[in-house]
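Each remark here refers to the structure printed beneath this line.
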Amino acid sequence: MDIRVGTCRYGLWYVDIHWSKNTVYRVRFSRIGEEAPVPLSFRLYLSGKTKKIGMESIATSGTSTFARIYREVMQVPYGETATYGEIGRRASTGPRVVGIAMARNPTPLVIPCHRIVGARSLGGFTPSLTLKQELLNMERGG
DNA sequence: CAGTGTTCAGGAT
DNA sequence: ATCCTGAACACTG
């Protein structure tokens, strides 16, 4: 399997990435850490130089409801947003379930859960709503 | 079983 | 117009 682990910076955050070849197993944000090599496309994406990370997430395969939700989320274009309800309708499930799937997303960025917002509010984001806002600002060319 | 990053309709202010 | 409720959804510890 040969899973590699690397860490890069994004603003005040450290981004831990677990991957093997073209498949990403886990992405996690942390306040502390030490830099170690990550796939080039992550660095380019996080510095606003490319729109596509171009890697697969382990969580999008299969026929489970979560997998269907994650595949729909990956269809949301760079710089745009969709609501929990919209994704729920596309994946034939409810908005609440979408929220849970986002909260348990093992690979944020690859599955761009930061692009999923509430119909009337920004929605939530682990570990920090500010981080969600920053990612959206960056994608809007801020 | 309880608890989740929601939403919508319906009813009371 | 705004502010509750409650139901529906799928999955995890």
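Throughout, a chain's letter reflects where its sequence line sits, starting with A, and its residues are numbered from 1.
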What pairs with A:R43 under salt bridge (charged side-chain N to carboxylate O under 4.0 Å, His left out), at least two apart in sequence or on another chain? none

Return the set of residues passing salt bridge (charged side-chain N to carboxylate O under 4.0 Å, His left out) with A:R71 (not counting sequence neighbours), or none when no residue passes. none

Once you apply a heavy-atom cut-off of 4.0 Å, does A:G118 come out as touching a base, just sugar-phosphate, or nothing? sugar-phosphate

Tell me what A:L122 touches on the nucleic acid: a base, only sugar-phosphate, or nothing, going by heavy atoms under 4.0 Å. nothing

DNA chain B: A:R89 or A:F125, which has the more 5' nearest nucleotide? A:F125

Are more than 12 heavy atoms from other residues, nucleotides or ligands located less than 6.0 Å from atom [atom1] of [X]?
{"X": "A:R28", "atom1": "CZ", "answer": "no"}
{"X": "A:R31", "atom1": "CZ", "answer": "yes"}
{"X": "A:R9", "atom1": "CZ", "answer": "yes"}

For DNA chain C, produce a single dot-bracket line, 5' to 3'. Pairs: Watson-Crick or G-U wobble, both distances under 3.5 Å. Symbols: ( ) within strand, [ ] crossing, | other strand, . unpaired. ||||||||.||||

Report whether A:L135 and A:L129 are members of the same hydrophobic cluster (ILVMFWY, side-chain heavy atoms less than 4.5 Å apart, transitive linking). yes

Atom pairs and distances, side-chain donor-acceptor, residues 73-88 of chain A, under 3.5 Å, sequence neighbours left out:
from, atom 1, to, atom 2, distance (Å)
A:T83, OG1, A:E86, N, 3.1
A:Y84, OH, A:G124, N, 3.3
A:E86, OE1, A:T83, N, 3.2

Taking heavy atoms of chain A and a 4.0 Å limit, find me the 5'-most and 3'-most nucleotide of DNA chain B within that range. B:dT4 to B:dC8

Do you know which two heavy atoms are closest between A:T50 and A:Y45, and how far apart they sit? CG2-N, 3.4 Å

Determine whether A:M55 and A:F42 make a side-chain contact, defined as any pair of heavy atoms from C-beta on separated by less than 4.5 Å. yes

Would a 4.5 Å heavy-atom cut-off, applied to side chains only, mark A:S128 and A:W13 as touching? yes

Integer angstrom distance from the P of C:dC3 to that of B:dG5: 23 Å

The correct set of residues in residues 95-112 of chain A placing a heavy atom under 4.0 Å from DNA chain C is A:R96, A:V97, A:I100, A:R104

